[in-house]
*Asks:* 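Sharing a structure below in structure tokens format, with a few things to ask.
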Amino acid sequence: MKILVVGGCGYVGSMLCPHLLTEKHTVTAFDSMLFGDGGLPLENARMHIVKGDIRDREAVEKVLKGQDAVIYLAGITNNDICDKPEAIFVNTTAFPTFIAAAKQAGVRRFVLASSVAAYGSSTEDATEDKKLYPTTKYAQGKHFCETWTWLMKSSTFCVTITRSASVCGVSSRMRFDTTVNKMVHDACKTGVITVNGGEQKRSHISIQDICRAYKQLMILP
């Protein structure tokens, strides 16, 4: 299968692409590469990187040609940046054009990486049936993309939405701003872990587990 990983050089994408290669898929990472190539295994003939921007319609249409599936990981996650116009464009405005182009290009499977942030804060544990109540710009962007994904669903365009917990673990494009990663970093560097609050709950998932989940989605009928 030919799989396009949008945001393939990022924190999750740089670990997901090698997972997909183990299943003999041909993988293309589409990424702005602001932080480099994520250490992707370019010596593998089935691994390709295309530097591009999801806001560039011509580049999007070109990279979608011939792809069987798309795993959409793109997005700006930092809440302080998500209020800025360029972040809003990336997280919301550009998405309807992208998913419409994917469907038009004949992509058969589209996986959107959403987030548990779309549920908002709650005193109760969230289930898939819980109504979404996003409270941050990042979460509102995910809700927006989910809505468009369901609207585009058809018998020939299979869509899946994953509402992932906060991802943690080692990546070749490492991040230290996520909760668990920051705690481990601080513990190793300073010997001190700072906890904001302490009574709240927050869900987390290993980066290896989320990559295995995405890989599994590529073999479903």
Side-chain angles (χ1 to χ4, degrees), residues 1-14 16-17 20 25-35 37-38 40 47-78 81-115 117-118 132 134 136-164 167 173 210-211 213-215 217-218:
M1 182 183 289
K2 293 181 179 180
I3 304 173
L4 177 67
V5 182
V6 185
C9 298
Y11 175 56
V12 174
S14 61
L16 173 59
C17 290
L20 297 173
H25 297 301
T26 296
V27 182
T28 300
F30 184 65
D31 200 290
S32 62
M33 297 180 67
L34 289 176
F35 302 100
D37 64 9
L40 292 176
M47 181 74 242
H48 311 285
I49 297 180
V50 176
K51 183 178 181 180
D53 193 313
I54 59 173
R55 296 170 292 181
D56 184 340
R57 183 165 186 167
E58 184 178 346
V60 164
E61 292 176 351
K62 183 177 180 180
V63 79
L64 282 167
K65 287 182 180 178
Q67 301 292 341
D68 299 307
V70 171
I71 302 177
Y72 194 92
L73 305 176
I76 296 173
T77 62
N78 185 287
I81 301 176
C82 283
D83 285 329
K84 297 183 181 299
E86 57 269 28
I88 293 172
F89 201 103
V90 169
N91 288 350
T92 57
T93 311
F95 185 77
T97 300
F98 188 98
I99 194 170
K103 186 174 183 179
Q104 182 65 32
V107 170
R108 293 183 285 117
R109 177 175 292 280
F110 191 97
V111 178
L112 171 68
S114 186
S115 168
L132 300 185
T136 65
K137 288 292 184 181
Y138 170 71
Q140 290 163 9
K142 290 299 185 184
H143 188 197
F144 176 87
C145 293
E146 284 196 25
T147 301
W148 271 96
T149 300
W150 290 127
L151 286 173
M152 298 300 294
K153 180 182 178 181
S154 72
S155 59
T156 58
F157 189 65
C158 177
V159 302
T160 303
I161 294 171
T162 62
R163 293 182 188 140
S164 169
V167 183
R173 217 301 277 170
I210 194 66
C211 287
Y214 286 130
K215 184 170 67 173
L217 287 172
M218 293 299 102

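Quick caveat, the model's predicted, so the values are computed rather than measured.
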*Asks:* Answer yes or no: does atom NZ of K215 have more than 12 heavy-atom neighbours from other residues, nucleotides or ligands under 6.0 Å?
*Replies:*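 For K215, atom NZ is crowded (more than 12 foreign heavy atoms under 6.0 Å).
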*Asks:* Just so I know, are the side chains of Y11 and L73 near enough to count as touching, which here means a heavy-atom distance under 4.5 Å?
*Replies:* no
*Asks:* Tell me, do T28 and I3 make a side-chain contact under 4.5 Å, heavy atoms counted?
*Replies:*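 T28 does not reach I3 side chain to side chain.
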*Asks:* Would you check if the side chain of K142 reaches a backbone N or O of A113 as a donor-acceptor pair within less than 3.5 Å?
*Replies:*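 Yes: the side chain of K142 pairs with the backbone of A113.
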*Asks:* Above 12 or not: heavy atoms from other molecules or residues under 6.0 Å from CD of E86?
*Replies:*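 Enclosed.
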*Asks:* Taking 4.0 angstrom as the limit, do K65 and E61 come out as a salt bridge?
*Replies:* no
*Asks:* For S115, enumerate each residue passing the side-chain hydrogen bond (donor to acceptor under 3.5 Å, both in side chains) test, keeping only those at least two apart in sequence or located in another chain.
*Replies:*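 If we apply the side-chain hydrogen bond (donor to acceptor under 3.5 Å, both in side chains) test to S115, skipping adjacent residues, there are no hits.
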*Asks:* Under 3.5 Å, is there a donor-acceptor pair between the side chain of N91 and the main chain of G75?
*Replies:*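 Checked: no pair found.
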*Asks:* To the nearest 0.5 Å, what is the distance between OG on S164 and CD1 on I210?
*Replies:* 4.0 Å
*Asks:* Let me know which of Y72, W148, F89, F144 forms a ring-ring contact (aromatic ring centres under 6.0 Å, His included) with F95.
*Replies:*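 When Y72, W148, F89, F144 are each tested with F95, the ring-ring contact (aromatic ring centres under 6.0 Å, His included) holds only for Y72.
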*Asks:* Could you tell me the separation between the CD atom of Q104 and the OG1 atom of T97, rounded to the nearest 0.5 Å?
*Replies:*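 Reported to 0.5 Å precision, the distance equals 12.5 Å.
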*Asks:* For I54 and A94, work out which heavy atoms get closest and say how close.
*Replies:* O-CB, 4.0 Å
*Asks:* Run the side-chain hydrogen bond (donor to acceptor under 3.5 Å, both in side chains) test against R163 and tell me which residues pass, sequence neighbours left out.
*Replies:*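 If we apply the side-chain hydrogen bond (donor to acceptor under 3.5 Å, both in side chains) test to R163, skipping adjacent residues, the hits are Y119, E146.
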*Asks:* With a 4.0 Å cut-off, would you call R108 and D68 a salt bridge?
*Replies:*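 A salt bridge links R108 with D68.
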*Asks:* Distance from I99 atom CD1 to C145 atom SG, nearest 0.5 Å?
*Replies:* 8.5 Å
*Asks:* How far apart are the closest heavy atoms of A29 and G8, and which atoms are they?
*Replies:*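 Closest approach of A29 to G8, heavy atoms only: CB-CA, 3.8 Å.
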*Asks:* From the options I71, V159, L4, select the one residue that forms a side-chain contact (heavy atoms from CB on, under 4.5 Å) with F110.
*Replies:* V159
*Asks:* Could you pull out the closest heavy-atom pair between I88 and C82, with the gap in Å?
*Replies:*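 Shortest heavy-atom contact: CG1-O, 3.5 Å.
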*Asks:* Pick out which of V5, L64, V6 makes a side-chain contact (heavy atoms from CB on, under 4.5 Å) with F30.
*Replies:*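 Going through the options one by one, the only one that passes is V6.
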*Asks:* Do R109 and V70 have side chains that approach each other closer than 4.5 Å (heavy atoms only, starting at C-beta)?
*Replies:* no
*Asks:* For the OG1 atom of T160 and the NZ atom of K153, what is their distance to the nearest 0.5 Å?
*Replies:*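 Atom-to-atom, T160:OG1 and K153:NZ are 8.5 Å apart.
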*Asks:* Begin with the C-alpha distance, continue with both residues' side-chain angles, and end with the deciding distance and a verdict on side-chain contact (heavy atoms from CB on, under 4.5 Å) for L112 and T162.
*Replies:* CA-CA 6 Å; L112 171 68; T162 62; over 6 Å; no
*Asks:* Would you mind reporting whether K51 and D37 have side-chain heavy atoms less than 4.5 Å apart?
*Replies:*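 They are not in contact (no side-chain heavy atoms under 4.5 Å apart), so the answer is no.
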*Asks:* Which value, rounded to the nearest 0.5 Å, describes the distance between C17 atom SG and H25 atom NE2?
*Replies:*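 Here the rounded value is 11.5 Å.
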*Asks:* Measure the shortest side-chain to side-chain distance between M218 and M1 over non-hydrogen atoms and say whether it is less than 4.5 angstrom.
*Replies:* yes
*Asks:* Can you check whether I49 reaches L40 side chain to side chain, under 4.5 Å on heavy atoms?
*Replies:* yes
*Asks:* Would I76 and Y138 count as a side-chain contact (heavy atoms from CB on, under 4.5 Å) if you check the C-alpha gap in whole Å, the side-chain angles of each, and the deciding distance to 0.1 Å?
*Replies:* CA-CA 8 Å; I76 296 173; Y138 170 71; over 6 Å; no
*Asks:* For a quick test of reading the model, state the closest non-hydrogen atom pair linking P134 to Q140 and the distance between them.
*Replies:*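 Residues P134 and Q140, closest heavy atoms: CB-N, 3.6 Å.
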*Asks:* Would you compute the distance between atom NZ of K103 and atom OG1 of T156 and round it to the nearest 0.5 angstrom?
*Replies:* 6.5 Å
*Asks:* Using every non-hydrogen atom in the two residues, find where M33 and C9 come nearest and quote the distance to one decimal.
*Replies:* CG-SG, 4.2 Å
*Asks:* Which atom pair, heavy atoms only, marks the closest approach of L16 to Y214?
*Replies:*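 Heavy-atom minimum between the residues: CD1-CB, 3.7 Å.
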